[in-house]
Number of protein chains: 2
Amino acid sequence: MLLGGNLPGLMRPLLRVVDLIRKKRDGGELTREEIAFLVEGAARGTVPDYQLAAWLMAVVCRGMTRAETASLTEAMLHSGDVMDFSALPAAKVDKHSTGGVGDKTSLVVAPIVAAAGLYVPMISGRGLGHTGGTLDKLESIPGFRVNLSLKEFREALIACRCALGGQTPEIAPADKKLYALRDVTGTIESPTLICASIMSKKLAEGIDALVLDVKTGDGAFMKKEQDAIALAELLADTGKQMGKRVVALITDMDQPLGKTIGNALEVQECLEVMNGDGPEDLRELCLELSAWMLFLGKRVRDVAAGRKLAQEMVASGQARDTFRRVVQQQGGDERVVDDPSRLPRARRMETVRSKQNGFVARIACERVGVASLILGGGREKQDDVIDPAVGIVLEKKVGDAVKSGDSLCTVHYNAGARLQEAMAMLEGSFVIRVEPPPPRTPLIRKIVGA
Amino acid sequence: MLLGGNLPGLMRPLLRVVDLIRKKRDGGELTREEIAFLVEGAARGTVPDYQLAAWLMAVVCRGMTRAETASLTEAMLHSGDVMDFSALPAAKVDKHSTGGVGDKTSLVVAPIVAAAGLYVPMISGRGLGHTGGTLDKLESIPGFRVNLSLKEFREALIACRCALGGQTPEIAPADKKLYALRDVTGTIESPTLICASIMSKKLAEGIDALVLDVKTGDGAFMKKEQDAIALAELLADTGKQMGKRVVALITDMDQPLGKTIGNALEVQECLEVMNGDGPEDLRELCLELSAWMLFLGKRVRDVAAGRKLAQEMVASGQARDTFRRVVQQQGGDERVVDDPSRLPRARRMETVRSKQNGFVARIACERVGVASLILGGGREKQDDVIDPAVGIVLEKKVGDAVKSGDSLCTVHYNAGARLQEAMAMLEGSFVIRVEPPPPRTPLIRKIVGA
């Protein structure tokens, strides 16, 4: 009567979606064919959203094995086009970050590595919530087009050895479908689903090697280092199963990276780094990521040599020249590179000041990201419009000595912004203590998969 | 970037669906208000199916506490109309079975209890899969209408002290919505969800007391007795929390109940029981269920007295007279009651014979249900049309001695039925052994909540 909703096994047709959901719900291991069936159904729209949602939740609750994760990644990759750049005369390498606050390394490492002779076909995402996105940063450069077709992407890559685009409809459509669904069904937080989402898109770029920047700390998605390491291991293992060279750096996101948060402000900071200047932590991470990319792309014999080569690309101005060509190629105003004042600027500024003497013990990183979002620099919902000019410039970072009345950070805002709310959030973000804090954990906490 | 899909707590509006899904996913306990919010959203269509599906799967994977189960039941109950029969001069009692093969007691116990002076407002379901449904059985009586409006249901109850109807759009619409979704998302098998589904509909009948028949064994939904007991405890506890007198009988479904499976055949067998005849197991269970209903409805002082009164209602013909009035009231051909040959009859019969001497050790109960379904007596899909005449009559039951060539069962079928398939399934259902089987476990295995 009420409970008789399921036909006995005797009468089942082959591969019913509900049976696959039930198998995962009961902790079973899905086969490659079963996973491919579901993923194809997602991409083609033949499996309804409610069945996908139930399956995603079962995956979150029961987990997936390494073999299932590889099958899922492979199925999502092959739900769309896979670019083939094998005819190009050097290795194709990319970098991917799991997202953070003030995390802007892509704009620096892509030109460095391309300048050094490798190809960087980089497909990035947009910001959502407290973290920023590479595409939004690039679009703060007047005219810069990130919505390249696959043909334009290929042309840009050949012309500049570097192309910076967004996900096209042809790339991993199953991921596009599942990601949108995960966002509204509480099924984001699954290492397997995160891994398949990241790796299916990255592998569609036709790359030989990938360097992963897995963030950990208050401003990262993975607050706990052990979770970040587990995800990094899964990502590296999945990439290797697909025949790619992959290394993951576990890096600190307990305070924002660099000094700026906000799209145009971050582009400006990246230009400083390309000029051999900029904040030390950002410079350091950009060089290290570039070094690993050059090493995995077999441009150099070891990471130390990669680091040296990356430094040369900056010192010689070749990284900046490559970035200028990329901006021009993708329709942006390349004069920005030598004259950052051409970037959009907020009309107003306000300063957050310390109320006491001491040392900065902590900066609540996620709150700083939210403050930038509140000012209009990020999205609460997918269709929110971003103000590229607004953001925050940190005057002090963790460990710095401060006196009462010193500026902790400057808020760049435009009329109509929720300034008071952002100011209050920032004031609460800085923890000042009398004692100097213990030495910080290193920026690069661990290297996985090397 | 890719992982930033969730806004930090600081920015959340009140009661976002995705947060409630995440809370349950992480094993948290939802409040009464949170559950009511989701259930109202389901009933009104303001929460999309994919969010409900993800939440249902999280409930299946993480479970719910007794308090959550009660809140869910209450919210589903109040998603629609709750009937009020408090003005009627005697207690309102009902019986609910979790479903089995040949499980037809409703048609007997409702008239017995009504004849004894209590009111039985019974809302039943249809068969799906290998189990039958009370509504389908009633509809095999020519003209019998089960789709009563609430007004007609009330009229029938006042006229006959018994009304036999189906779920109307006004009754627990949230359950209707969620049940359809559970069927296709692999989220049927949750004690909490089963409990809320059953109890919300039963409590909407405005009853004072409820007797539950929780089936266990091969032909039941709960194959394991411990699972049946756990469900029974949850049902009884939830009913009591809502102020009702509730008892659950754990009863055997390791072989079909009675001798007939199939809609008209089962009605005929019920008439035999109302005439003081019929198979012993069916007669026994009908009397026991009636006895408990009469006791919980305070018509008698103890269950033994209830049993005696139920027997009197059968022996005196008053149960049969009540059933005749109900059939008439609901538009059916009441001549069926005294002349069962007016029920639809299949045109053809075929016999399944034993190939050896020995004893019936086992009858694979679920397979017998599927055989009836294959003949056209049940539904594979919700919109399948049923042939009321077809079915199976068991000649032998577990423990019976058989000789090679003896009839084990008779198949009633019409042209176009998948006879060979059904015959093969039935032949494989009877396990004949040389040794007599051990004494059977009692039909009523346990009583919960008394």
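What you see is a predicted model; the values in this text were computed from it and never measured. We name chains A, B, ... by the order of the sequence lines, and we start the count at 1 in each one.
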Exercise. Hey, could you give me each pair passing side-chain hydrogen bond (donor to acceptor under 3.5 Å, both in side chains) that has a residue in residues 45-55 of chain B? Not counting sequence neighbours.
Key: Asp49(B)-Lys177(B)
Quiz item: Between Leu56(A) and chain B, which part of the residue has a heavy atom less than 4.5 Å away: side chain, backbone, both or neither?
Solution: neither
Quiz prompt | Thr185(A) versus Ile21(B), closest heavy-atom pair with distance | solution =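 Of all heavy-atom pairs spanning Thr185(A) and Ile21(B), the closest is O-CG2, 3.2 Å.
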Exercise. Please report the shortest heavy-atom distance between Val60(A) and Arg62(B), naming the atom on each side.
Key: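 Distance-wise, the nearest heavy atoms are O-NH2, 4.5 Å.
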Exercise. Could you tell me which of Ala54(B), Gly369(B), Ala220(B) has the largest number of non-hydrogen atom pairs under 4.5 Å with chain A?
Key: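 That would be Ala54(B).
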Exercise. Could you tell me which of Leu20(B), Val184(B), Val17(B), Thr187(B) has the largest number of non-hydrogen atom pairs under 4.5 Å with chain A?
Key: Val184(B)
Self-check item: Cys61(A) side chain near Met57(B) side chain, heavy-atom distance below 4.5 Å
Solution: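 Contact flag for Cys61(A)/Met57(B) side chains = no.
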Exercise. List in chain and number order the residues that pass side-chain contact (heavy atoms from CB on, under 4.5 Å) with Asp26(B), two or more places apart in sequence or in another chain; answer none if no residue qualifies.
Key: none
